[in-house]
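Labels below follow one simple rule: chain letters A, B, ... track the order of the sequence lines, proteins then strands, and each chain is numbered from 1. Here the structure is a predicted model, which is why all the values come from computation and not from measurement.
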There are 4 protein chains.
Amino acid sequence: MGSTPQARRSDTRERIQKTALDLFVSRGYEKTSLREIAEELGVTKAALYYHFKTKEDILSAISRDLGRPVDELIAWAEEQPPTMETKRELLRRYSAALASAMPIYHILQENQATLRDLAVGRELSDRVTAISRLMHAGDLEFDCRMRVASAVLTVHFGAFAPCGAAVGTVEQRRAALLDVALATLSGAPAPTMSPDPA
Amino acid sequence: MGSTPQARRSDTRERIQKTALDLFVSRGYEKTSLREIAEELGVTKAALYYHFKTKEDILSAISRDLGRPVDELIAWAEEQPPTMETKRELLRRYSAALASAMPIYHILQENQATLRDLAVGRELSDRVTAISRLMHAGDLEFDCRMRVASAVLTVHFGAFAPCGAAVGTVEQRRAALLDVALATLSGAPAPTMSPDPA
Amino acid sequence: MGSTPQARRSDTRERIQKTALDLFVSRGYEKTSLREIAEELGVTKAALYYHFKTKEDILSAISRDLGRPVDELIAWAEEQPPTMETKRELLRRYSAALASAMPIYHILQENQATLRDLAVGRELSDRVTAISRLMHAGDLEFDCRMRVASAVLTVHFGAFAPCGAAVGTVEQRRAALLDVALATLSGAPAPTMSPDPA
Amino acid sequence: MGSTPQARRSDTRERIQKTALDLFVSRGYEKTSLREIAEELGVTKAALYYHFKTKEDILSAISRDLGRPVDELIAWAEEQPPTMETKRELLRRYSAALASAMPIYHILQENQATLRDLAVGRELSDRVTAISRLMHAGDLEFDCRMRVASAVLTVHFGAFAPCGAAVGTVEQRRAALLDVALATLSGAPAPTMSPDPA
DNA sequence: AATGAATGAGGCTTCATTCAT
DNA sequence: GATGAATGAAGCCTCATTCAT
């Protein structure tokens, strides 16, 4: 009994996922070779193939794991009426979900050309598309659609890159961008900006 | 006026750039091999090396050519005072410049992981960064910065992807998103949206 | 009598042989991996290694089992005088034996290059060689040897492939080819064929 | 002028084919790796890929080159009337053609399982099938078909293996087997064999 | 201005096999 | 009687690049 309470049956699979994720994020999917992953882990390439059928499969597993929150969010939104309030809530939750699922989106973001013709690429971009579709649901006028688009772009891409220099914490920026997006969404201004103090 | 003395020398260099651009856009930088470019053009790989030192060099030349408008925009903005009006104008011009320089930004966008450690990658992303820096110039408050960020994200990323379903023409969408961004920038809402009759 | 004490112990070994045989026949020895065999059977590769020392060992066991009739035939022929009648009978019996042992000969036939340097390869081809040797036994003249050779080739290779289009049943073809071979053997023609009315 | 009169443009392609043929014959197609071929030739694997698109392509080129005589024979036979005399002549020519094209047939013969699902495999076996089809052309009776089959088997497979021990030269054996096959074909006995001198 | 030939490095994947449990 | 995990060797192939001509 004692010792590790959890099953003693090798945590290698998870270690592979973790290491692969790190490398995919830092060096890119295509540029990360299985050799690197294996070496970093201290196992052989063949060991990776014991746990995953292909390189793509590794990313796929990661995508499934990290993408779950967003998937659940989509499932939730699909059962709500396409009202303004739903969309505001969706945007809020999406912003939050992104914060934790960031790594995969980062990968999708930076490796689009490569992932485009991989099944896992669709898995990933389908999620983004779904959110966008839900935000645009209903019979909106053109101007309104553009505000929705802006809001989505702000929340989604605001999650990456240190946009606007490094002011505040990551979390503070996220919250603030969400506010701006919400304001844009409803057509109301966010906290005003002095007309031109410069 | 006759032909410019320099011209009529061989358009191969330009044909290479054009073909390479097409392929980089449609298949990605890394996934496009020099063999493909050469085959598509009906020349040998070695011919490419006669005109360009490396693969990266091809992209670099493309970047220089297509990026000129944005470079000029940056140069212009750097000589303006960092006023609100400058930024509004900068945003307008950037939106317009993007429309024509789109292909390279598309490439940067979809191949970030690969370009990250290439000199040409910096060339490309420096331009984006410069715009962002100029937009954030001056002593702005936090909230204001976030609005700037949202505006930039909207204009920049709105240029890619058919965000918000295919309503209107590309040009109409661009103009509309620019309006939304400008409104966000000044803290005023764009044309309002009904508060939610549902 | 009850069940033989040895029996009822686990039929896995036999199931492995059967599955392996099927796959070796349909996909070839080299191209059939232990993984495939294991998967088809619903066990692990390691299980195969519990029952057999190596991949070759599996084929070896199959060869032993299915080759027994031919081995017995060889043993029988080795105790007969090398008369014409013996050879005629040998040919008849070989034709019959082949019909039932076909699968392994099929494997030998189609995987010669691979089996050549395996012990089991010799086991298999030795049987063929032995038959041939026995058919050629004695002090035959050159012309006669060639007729023997033709007869053996006809019976042996006639057992594979749908030679001569699909006329008659497999069994009918076998019997007919045996007749032709026997006729060739004794230098007498089989039922005549019109001299060419065209 | 002087030096080699032939184009000085690298004979590597042909050297590859020659070396590959040797190895495919002696070690088998599957068991011959591109590394081996390259090493034997003193070039890199990549050099092979400069001259041939794939491993299969190498065999394909060999097949095309060595198979030409048989292809021509088939073309010839297809324009003859399907008379007995045509078939006798076809058998004669096939026997001769085989003598020179032997290596590829040897490869087909010994690597069937591997070649089965390769395009080049069909190329190869189609030739054999075509000969067989032509030999069986017309409205033959069952018995006759079986004699045809025996004749074809004798000539085709007699070309391989030292059937009947090493008596006479290869050429003598070929001629003799052809005679036996021709005799079988027409239903007449070949030079008789004493009824049983043993 | 361009080609033909070749290279070295490295990519992903599969295989037969082993061994502790 | 069998499994889960792992390995080492090797396979085919592709790529960016070079260089003599």
Checking side chain to side chain donor-acceptor pair (under 3.5 Å) against Q112(D), which of E110(C), H106(C), Q109(C) comes through? E110(C)

Value in whole Å for how far the [atom2] atom of [N] lies from [atom1] of [X]:
X	N	atom1	atom2	value
L48(B)	dC19(F)	CG	C1'	16 Å
F52(B)	dA2(E)	CZ	P	12 Å
E56(B)	dT17(F)	CD	C1'	14 Å
E39(D)	dT7(E)	CD	P	13 Å
I37(B)	dC15(F)	CD1	P	11 Å
E30(B)	dG10(E)	CD	P	14 Å
L34(D)	dG11(E)	CG	P	20 Å
E36(C)	dA16(E)	CD	P	9 Å

DNA chain E: 5'-proximal contact among R13(B) and K53(C) (nearest heavy atom): R13(B)

If you assign K55(A) and V43(B) each to the DNA chain E nucleotide with the nearest heavy atom, which residue ends up on the more 5' nucleotide? V43(B)

Determine the minimum heavy-atom distance between A101(A) and V70(A), stating which atoms define it. CB-CG2, 4.4 Å

Indicate the atoms forming the closest heavy-atom contact of R15(B) with L41(B), along with that distance. NH2-O, 3.4 Å

Would you mind telling me which of L21(D), I62(D), L34(D), I58(D) makes a side chain to side chain contact (heavy atoms under 4.5 Å, CB included) with I16(D)? I58(D)

As a check on the pairing definition, encode DNA chain E in dot-bracket form, counting Watson-Crick and G-U wobble pairs whose two distances are under 3.5 Å, and using | for partners outside this strand. .||||||||||||||||||||

Pick the closest DNA chain F nucleotide for Y29(D) and for A47(C) by heavy atoms, then say which residue is nearer the 5' end. A47(C)

If you find the nucleotide of DNA chain F closest to T54(D) and the one closest to G42(A), which residue's nucleotide is nearer the 5' end? G42(A)

Taking the side chain as every heavy atom from C-beta outward, state whether [X] and [Y] have any pair of such atoms under 4.5 Å apart.
X	Y	answer
S63(C)	R127(C)	yes
I107(D)	L115(D)	yes
I37(B)	K55(B)	no

Consider the side chain of [X], meaning its heavy atoms from C-beta on, and name the nucleotide among [options] that approaches it most closely.
X	options	value
T12(A)	dT7(F), dA6(F), dC12(E)	dA6(F)
Y50(C)	dG1(F), dC19(F), dT7(F)	dG1(F)
R35(C)	dA6(E), dT17(F), dC15(E)	dC15(E)
A46(D)	dT14(F), dT13(E), dA5(F)	dT14(F)

Counting just side-chain N and O atoms, does [X] come under 4.0 Å of either OP1 or OP2 of [N]?
X	N	answer
Y49(A)	dT13(E)	yes
T44(B)	dG4(E)	no
H51(A)	dA6(F)	yes

Do K45(B) side-chain and dT17(F) base share a donor-acceptor contact under 3.5 Å? yes

Test your reading of the model: is there a side-chain donor-acceptor pair from R13(A) to the backbone of H51(A), 3.5 Å cut-off? yes

